[in-house]
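Residue numbers start from 1 in every chain, and the chains themselves are labelled A, B, ... in the order their sequence lines are given, proteins ahead of strands. What you see below is based on every heavy atom in this structure, not just the backbone, and it leaves out hydrogens, waters and symmetry mates. Not measured: the values here are computed from a predicted model.
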Amino acid sequence: MGRTVVCCLVLLPAAAGCARPPAPPGPADAGWQPPARLSAYGLFRGALAAQEPAAGVLPYDLNTPLFSDYAAKYRFVALPPGATAAYHDTEVLAFPVGTILVKTFAYPHDRGDPTRGRRLIETRLLIHRPDSWVGLPYVWNAEQTDATLAVTGGTREVHWRHEDGRERSLQYLIPNVNQCKACHENRRVLRPLGPTARNLNRSYVYADDADNQLHRWTMSGLLAGAPPQEQAPRLPVWNDPATGSLDQRARAWLEVNCAHCHNPDGPARQSGLDLRPAQADSAKWGVWKTPVAAGRGSGGRSYAIVPGQPDASILLYRLQATEPGVLMPDLGRRLVDDEGVALIRAWIAGLPATP
Amino acid sequence: MLSHRRLCLLVALLAGCANNKTPSPVPEAPGPRVIVIRPGPNVQEEAQRALIEAQPGDVIEFAEGTHEFTQGLSLAVEGVTVRGRGMDKTTLSFKNQAVGSAGLLVTRGRFRLEDLSVDDAKGDAVKIQDAEGIALRRVRAQWAGEARETNGPYGLYPVQCQNVLIEGCQAFGASDAGIYVGQSRNVIVRSCRAERNVAGIEIENCTDADVYDNVATDNTGGLLVFDLPGLPAKNGRRIRVFENQVTENNHANFAPKGNLVASVAPGTGLMLMATDEVEIFRNTVRDNQTYNLAVISFLLTGRPIQDKDYDPYPEGISVHDNTFGGGGRNPGGQLAPLLVVMLGKPLPDIVYDGIVNPARLVDGKLLPEYGLSILRNGGATFANLHWDKLDVKKPFASLGRITRDLAPHAAPLEPLLPVRLAGVP
């Protein structure tokens, strides 16, 4: 798939056509007003709800995604014409100004049977403006014809049949723009979280054929500087034992679900807990670490992680909680990630008593 | 290394102190924009929208009445004032909060919060993180009803901030600390009231703080100055605690287990743990039934220290001109039975664990600047437990090691300089 010019489709409201140049960098950007409707970006062709990417918009997937209350997530990337993202070994790719990262949250009516359809709830955009990234939530209407910008977020009641056959429901939370920042801001700089080379280094079934994403991005001119995919780092798939050991998969899961805040620069750094896999000091990733400001989040337990004892570990307690003020992550989750909890439980149970 | 603020005092006499920057005036736009939020069914959306769309200089005013929220509120814009019409008139109620771990979360500075009450938050009532220039005036954080473990941990909670003023505020019912300033620099907490919290007022891992003219009563522990390991900001120092009323802090401890304050003994007045260069003076500390003042090392907690850069010893502590009395009659907490055996009842006003850094000893003695100075505290009674020499299995055999003599603590320390805030709105 070659690069197609996307400027009129993506960077400007569709009605404005190609006449307007991209916004100049600098203070002029302060006056920028995001379009009120998702359709104005021209990110999709045909019916918006089909989520068929327009030319120049590439779908992608991640090895280990953030748990979002069992929502299905559809991700897309659109770069301005001629621009490329720069490869980085460990950090999120350096996307150029004008990039739009798209993530649509949906609930399939039946998680065991995708043919029964789905309901789109919200589409979050991360737009790289000249000054900074901007996070914008668009909420889908009941008719599923378009989504409207909702800076204050909202809630939607959702229902689905779970894989185990249970009917489930949820007051799904659409984050407001400050809540976007709560996860995406590091030292006051908003940035994407998912598309690291490690998390993108996997196969994706494109319309034409299956391909490695780093390879496809490079071939499409979206990405520069990536090594051959075999040499690029790869994050394990949290629930696929073929991709990594229990330890590697658990650390990958913690990285994606926790380390966006629990890192030395992140919003939860005051806790002293650093859940990045790169953190080698076991005391810093929680072993025998006492809580600082956990309050009843401690669940009466004394340490973040007690090796071999998941039920004595605060970390597991907070992953199993659903009560505000106790549950972790404290945003973007209201249900227990049963499979994630099982992974972390097995991992803590297997940690050696003396590291 | 010793006391920048103390050395500064000398310099200040000649040339003015580097700490004494005059606060730079914050330019006030002529007639700031005032957005008024009224109670009602849409208050969640209206208030959050106002906080998101605010511009620097704006005032967001909550009208008189009770504003009921279902989610925590957050502010991420510099230079905003949020105010009510008085802490008895405007209430932000989070009783029905279903989302968020704080009532109000603020992540930008030059922030002012005034004249309102924040009630029944599911987590912390007001959390301010990583911000410079914070003023909380006449703000109340409270949890209604009986003191419960399910109350939020912190009432007013600035963390990793600089230039923080908390003035005329109140905190009632927090399951950890009512007013808690953590990992911050340049802090003043004054003229506040803390009741029925586990810790009334707590200054933790802070450098340069003045805590004065406050009332702490009916908490488990009245006023705590702590330093903990394993945190990004640690080895706090230069804390002045003066002219406070710290009385009858005998409340049962209702902190969830696992938290450090869960181990604070009911009946603790002032407690100082591991922080260096602390000056405690002209306080009234009465009727706290375990100890009116405890000075201890982090080592006494028995908790693991996995932080090689952390200093667990309180050093350079000056306790002078306080009024103590009426305490120690009904000691509580884990150590109480042992303490009663060792010290008898009532326990002394000032209990010092005597755990010192062996590396600081010169000929077996601590240099005065690393020690504990106790002067002019009326008839205050004192015991040094010499805990590092204690055999807990044979407490009676250790009784002889306990000293009650104040003579080793008679060397005065230089007073610390006042904190000067800069850029507080």
Side-chain angles (χ1 to χ4, degrees), chain A residues 30 150-155 171 173 175-182 185 187-188 190 264-274 281-284 287-304 312 314 317 322-334, chain B residues 44-46 48-49 51-53 70-77 94 97-102 105 107-108 121-124 127 129-130 149-154 157 159-160 174-177 180 182-183 204-205 228-234 255-260 262 301 303-304 306-307:
Chain A
V151 295
T152 56
T155 54
Q171 284 291 333
L173 178 80
N176 64 50
V177 301
N178 278 1
Q179 289 166 329
C180 296
K181 291 178 185 173
E185 217 176 55
R187 299 262 184 205
R188 303 202 171 174
L190 198 81
D265 291 313
R269 67 180 182 277
Q270 83 278 355
S271 67
L273 186 65
D274 179 5
D281 180 348
S282 65
K284 293 208 166 109
V287 173
W288 299 112
K289 183 192 173 298
T290 51
V292 177
R296 71 187 190 286
S298 75
R301 304 177 184 186
S302 297
Y303 304 99
I314 296 171
Y317 177 76
T322 54
E323 199 189 339
V326 177
L327 90 171
M328 283 284 158
D330 69 350
L331 265 181
R333 172 171 95 72
R334 305 188 81 177
Chain B
Q44 178 76 47
E45 222 234 303
E46 283 171 23
Q48 187 57 66
R49 181 179 294 276
L51 291 163
I52 287 170
E53 293 176 349
T70 53
Q71 290 191 30
L73 298 171
S74 59
L75 172 68
V77 180
F94 292 89
Q97 183 182 358
V99 174
S101 55
L105 174 66
T107 51
R108 292 293 189 279
K122 287 293 183 286
D124 308 314
K127 180 175 180 181
Q129 193 171 2
D130 192 20
E149 169 177 314
T150 51
N151 291 355
Y154 298 129
Y157 175 26
V159 60
Q160 296 190 329
S175 69
D176 196 308
Y180 171 98
Q183 301 180 57
E204 188 173 284
N205 292 45
L228 306 183
L231 299 179
K234 61 195 162 207
K257 193 182 153 249
N259 294 281
L260 187 62
T301 66
R303 290 186 161 218
Q306 309 183 77
D307 181 345

Next on the checklist: Can you confirm whether K181(A) is buried at NZ, in the sense that more than 12 heavy atoms of other residues, nucleotides or ligands lie under 6.0 Å from that atom?
Outcome noted: yes
Next on the checklist: When you measure from the side chain of S298(A) to the backbone of N259(B), do you find a donor-acceptor pair of N or O atoms at a distance under 3.5 Å?
Outcome noted: no
Checklist entry - What residues form a ring-ring contact (aromatic ring centres under 6.0 Å, His included) with Y157(B), not counting sequence neighbours? => result Y154(B), Y180(B)
Checklist entry - Sequence neighbours excluded, which residues qualify as salt bridge (charged side-chain N to carboxylate O under 4.0 Å, His left out) partners of E46(B)? => result none
Next on the checklist: Can you tell me which portion of E323(A) sits under 4.5 Å from chain B's heavy atoms? Options are side chain, backbone, both or neither.
Outcome noted: neither
Checklist outcome for this item: Highest number of heavy-atom pairs under 4.5 Å with chain A among A76(B), P153(B), G72(B) belongs to A76(B)
Next on the checklist: Taking every non-hydrogen pair under 4.5 Å, which of P324(A), G325(A), A283(A) racks up the most with chain B?
Outcome noted: P324(A)
Item to check | Max heavy-atom pair count under 4.5 Å with chain B, selected residue of R188(A), K289(A), K284(A), R301(A) | outcome: R188(A)
Checklist entry - Within the distance-only criterion (no hydrogens, no angle test), does the side chain of D176(B) pair as donor or acceptor with the backbone N or O of G295(A) below 3.5 angstrom? => result no
Item to check | Interface residues of residues 267-274 of chain A facing chain B - non-hydrogen atoms under 4.5 Å apart | outcome: P267(A), A268(A), R269(A), Q270(A), S271(A), G272(A)
Checklist entry - How far does CG of N176(A) sit from CD1 of I52(B), to the nearest 0.5 angstrom? => result 4.0 Å
Item to check | Residues forming a salt bridge (charged side-chain N to carboxylate O under 4.0 Å, His left out) with K234(B), sequence neighbours excluded | outcome: D307(B)
Next on the checklist: Taking side chain as everything from C-beta outward and backbone as N, CA, C, O, which of these in A293(A) sits under 4.5 Å from a heavy atom of chain B? Side chain, backbone, both or neither.
Outcome noted: both
Checklist entry - Does any N or O in the side chain of E149(B) come within less than 3.5 Å of the main-chain N or O of R296(A), such that one atom is a donor and the other an acceptor? => result no
Checklist entry - Which value, rounded to the nearest 0.5 Å, describes the distance between R303(B) atom CZ and Y303(A) atom OH? => result 6.5 Å
Next on the checklist: How long is the straight-line distance from CG of L228(B) back to OG1 of T290(A), given to the nearest 0.5 Å?
Outcome noted: 7.0 Å
Checklist outcome for this item: If one checks every heavy atom of R334(A) against chain B at 4.5 Å, the contacting part turns out to be side chain
Next on the checklist: Heavy-atom pairs under 4.5 Å with chain B - which of D281(A), L173(A), I314(A) has more of them than the others?
Outcome noted: L173(A)
Checklist outcome for this item: Checking Q44(B), E53(B), E45(B) against T152(A) for side chain to side chain donor-acceptor pair (under 3.5 Å), the one that qualifies is E45(B)
